[in-house]
Amino acid sequence: PFILSIAGGGSTYTPGIVKSLMVRLEDFPLAEIRLYDIDGERQAIIAPVVEKVIRDHSQSIKFTVTTDPEVAFSGAHFVFAQMRVGQYKMREQDEKIPLRHGVVGQETCGPGGLAYGLRTILPMVELCDLVERHAHRKAWIVNYSNPAAIVAEGVRRLRPNARVLNICDMPVAAMRNMGAILGVDRHKLEVDYFGLNHFGWFTRVLVDGEDRLPELRRHIAKFGLLTEDAAQTDPQHSDPSWVKTWRNIKPIMDHFPDYLPNPYLQYYLMPNDIVGHQDPDYTRANEVMDGREKKLFAAAAEYQRTGILPDAFHVGVHGAFIVDVACSLAFDLRQRHLVIVENKGAIANLPYDAMVEVPAYITSEGPEPIRMGAAPLFQQTLLMQQLASEQLLVEATIEGSYEKALQAFTLNRTVPTMQHAKAILDEMIEANRDYWPRL
Ligand code: G6P
Ligand code: MN
């Protein structure tokens with residue numbers, strides 16, 4: 001049985017991930033679960049909920065809660081990372097500063113994602129070092145920490161040998177919705193997909209050897225990437241904002257034949273439309289703080305008071321997917337999953353060493369990317385520009401370079417002019433004083 005540490009134990013996602021682990025104990029046996037967070041107070045609120053979720057399924061799994069990295073990682077076999085540097089308060093800034101300049105306000109797309117990257121790269125590298133120092137020699141970090149594309153590139157540059165697998169739940173959430181539309185379990189789908197994280201396209205959706213993508217496109221043209229009644233099996237992605245996001249992919253699909261875009265492409269391909277519908281005084285961070293976060297904190301308080309745990313946390317693909325990936329790593333299952341991985345020719349006309357998002361076989365030594373062929377010129381160009389923006393941001397972080405940060409902001413498709421880039425960057429430097437390296 002494995003020792004598993006969750007870095008970012010105080011996250012609202014932790015109970016859902018642990019619940020997913022509990023229903024898969026036969027596939028992924030656990031001796032111990034450790035929660036680790038630098039915010040001990042926040043983690044202490046979530047921990048009793050997590051403990052209850054564990055005890056409902058197992059009396060024998062040891063449960064440890066700590067802010068000490070040595071305690072957290074000593075001998076650990078797996079680390080699930082989900083850090084949010086600066087927490088939701090800083091997500092709010094990431095979203096609101098660009099919006100004040102008429103630019104998309106989003107946690108991973110546009111200037112918000114770049115700002116979040118400048119906060120997260122170095123702490124993520126620090127986490128890699130702590131795990132390398134304390135954990136099992138063959139330990140894997142499975143990383144959900146955002147902005148995943150930039151974090152992946154930062155870790156590749158600074159710790160090329162770290163055993164980190166970067167993942168995102170968005171492609172698999174899209175597959176869940178496709179499955180719901182087609183009436184088949186998502187595990188039955190075999191997809192082809194190419195791009196960067198939060199920036200890619202499905203090119204094939206096979207069910208029993210038959211490509212159902214044309215059928216899906218016809219459905220999406222009417223209802224978006226959702227079932228007709230928008231019924232979802234997953235609470236995280238079924239609140240009104242997410243329903244809007246899934247529906248809104250219709251315009252970015254309609255005019256482009258063949259492929260099916262990742263919903264996040266709407267931020268890059270129709271930013272005006274997005275900004276027009278965003279409230280600069282109340283963004284997604286506010287929704288999450290007032291919704292998911294409050295609900296979980298209230299449930300934790302109620303549990304302390306009454307001993308009864310209300311069902312207030314999200315269980316769905318987010319938790320299920322990280323457990324799927326961990327199983328494949330642990331037992332060399334070589335399952336095919338969509339992950340973020342060094343290209344190595346998977347997308348023939350992108351740089352060999354770019355961090356791309358494609359299907360890969362997940363072996364015990366890591367992901368083996370599957371060849372997706374060459375991207376058409378339109379997609380290749382978009383991808384190259386986005387890649388350059390992300391790579392310059394990483395270099396800005398490493399070198400403390402204002403100039404490269406400005407280039408990264410300017411190259412981002414959501415940013416119309418260099419003046420916008422500079423104004424937003426300068427405000428963000430102020431807001432991120434406690435977090436960013438000095439530029
Ligand atoms: C998806 C993405 C994550 C992102 C999350 C935000 O799951 O894959 O990268 O962090 O959405 O969701 P939220 O509900 O917090 O806005
Ligand atoms: Mn993601």
Side-chain angles (χ1 to χ4, degrees), residues 8 10-14 16-17 20 80-92 94-96 104-110 112-117 119-120 124 142-153 165-177 186 193 195-200 225 232-246 248-249 261-268 274 278-279 282-296 312-322 325 337-341 355-357 386 390:
S11 163
T12 49
Y13 288 104
T14 306
I17 287 180
S20 301
F80 288 179
Q82 43 164 358
M83 61 170 76
R84 180 180 286 284
V85 181
Q87 302 183 340
Y88 285 106
K89 277 282 148 215
M90 289 310 296
R91 176 176 180 177
E92 188 180 7
D94 293 343
E95 293 167 347
K96 288 186 176 173
V104 168
Q106 217 279 334
E107 67 157 346
T108 65
C109 302
L114 298 171
Y116 194 9
R119 289 201 300 279
T120 310
M124 191 63 209
V142 190
N143 181 45
Y144 258 140
S145 307
N146 263 329
I150 289 170
V151 167
E153 173 64 6
L165 179 54
N166 298 284
I167 60 169
C168 167
D169 64 2
M170 209 50 202
V172 70
M175 288 167 69
R176 169 204 57 211
N177 291 10
R186 69 174 171 88
Y193 177 95
L196 312 175
N197 178 239
H198 291 185
F199 201 109
L225 188 42
Q232 296 296 297
T233 50
D234 189 323
Q236 190 212 337
H237 290 125
S238 49
D239 70 16
S241 286
W242 272 109
V243 168
K244 205 156 100 193
T245 305
W246 292 115
N248 214 22
I249 82 164
N262 187 307
Y264 277 100
L265 283 165
Q266 63 192 261
Y267 297 110
Y268 298 97
I274 299 288
Q278 279 192 305
D279 178 351
Y282 196 82
T283 58
R284 182 68 190 155
N286 299 108
E287 284 182 16
V288 172
M289 284 188 278
D290 292 345
R292 184 160 73 223
E293 212 176 27
K294 270 215 181 107
K295 204 166 142 201
L296 181 58
F313 45 90
H314 297 302
V315 184
V317 288
H318 182 87
F321 182 55
I322 196 168
V325 167
H337 292 293
L338 276 165
V339 294
I340 301 156
V341 60
M355 293 305 286
V356 298
E357 194 167 73
Q386 177 70 5
E390 291 169 356

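Atoms within each ligand, like the ligands themselves, are counted from 1 in listed order. Hydrogens, waters and symmetry mates are skipped; everything else that's a heavy atom, side chains included, is used.
With hydrogens left out, the protein atom closest to atom 6 (C) of ligand 1 is E107 OE2, 3.2 Å, a heavy atom. The nearest protein atom to atom 11 (O) of ligand 1, hydrogens excluded, is given as W242 CZ2, 3.1 Å; this is a heavy-atom distance. Among all protein heavy atoms, the one lying closest to atom 12 (O) of ligand 1 is Q236 NE2, 3.4 Å. With respect to atom 1 (C) of ligand 1, the closest heavy atom belonging to the protein is D169 OD1, 3.4 Å.
Remark: distances from the non-hydrogen atoms of H318 to ligand 1 are all 4.0 Å or more. Under a 4.0 Å heavy-atom criterion, Y264 is in contact with ligand 1. Remark: distances from the non-hydrogen atoms of R292 to ligand 1 include one below 4.0 Å.
Contact annotation: for E287 versus ligand 1, there are no heavy atoms closer than 4.0 Å. Under 4.0 Å from ligand 1, heavy atoms of M170 appear from its side chain as well as its backbone. Contacts of Y144 with ligand 1, taken as heavy-atom pairs under 4.0 Å, are absent altogether.
Using cut-offs of 30° and 60° on the angle between ring planes, the pair Y144 and H318 is parallel.
Checking only distances, Y88 never comes within under 3.5 Å of ligand 1, N or O to N or O. Checking only distances, R91 does come within under 3.5 Å of ligand 1, N or O to N or O. Backbone and side-chain nitrogen or oxygen atoms of T108 are examined, and none is located within less than 3.5 angstrom of a nitrogen or oxygen of ligand 1.
Relative to the six-membered ring of Y13, R292 meets both conditions, a distance below 6.0 Å and an angle of at most 45° to the axis.
Geometry at the Mn ion (ligand 2): NE2/H198 and SG/C168 form an angle of 90°, nearest 10 degrees.
Listed by atom number, the atoms of ligand 1 under 4.0 Å from V288 heavy atoms are 15 (O). Less than 4.0 angstrom separates some heavy atom of C168 from each of these atoms of ligand 1: 8 (O). Proximity to R284 (heavy-atom distance under 4.0 Å) selects the following atoms of ligand 1: 13 (P), 14 (O), 16 (O). Below 4.0 Å from some heavy atom of N146 lie the following atoms of ligand 1, by number and element: 3 (C), 4 (C), 9 (O), 10 (O).
Looking at E357, E390, Q386 one by one, the single match for side chain to side chain donor-acceptor pair (under 3.5 Å) with N197 turns out to be E357.
Separation of the H198 and Y267 ring centroids does not fall under the 6.0 Å cut-off. Taking the six-membered ring where the residue is Trp, the centroids of F199 and Y268 are separated by under 6.0 Å.
Heavy-atom minimum distance, P261 versus I249: O-CD1, 3.8 Å. Of all the heavy atoms in S20 and G316, the pair that sits closest is OG-O, 4.4 Å.
Put simply, the side chain of Q82 gets close to the backbone of G8: a donor and an acceptor are under 3.5 Å apart. No donor-acceptor pair under 3.5 Å is formed between the side chain of N248 and the backbone N or O of T245.
Between the side chains of D290 and Y282, at least one donor N or O lies within less than 3.5 Å of an accepting N or O.
Salt bridge absent: D94 and R284 never bring a charged side-chain N and a carboxylate O closer than 4.0 Å.
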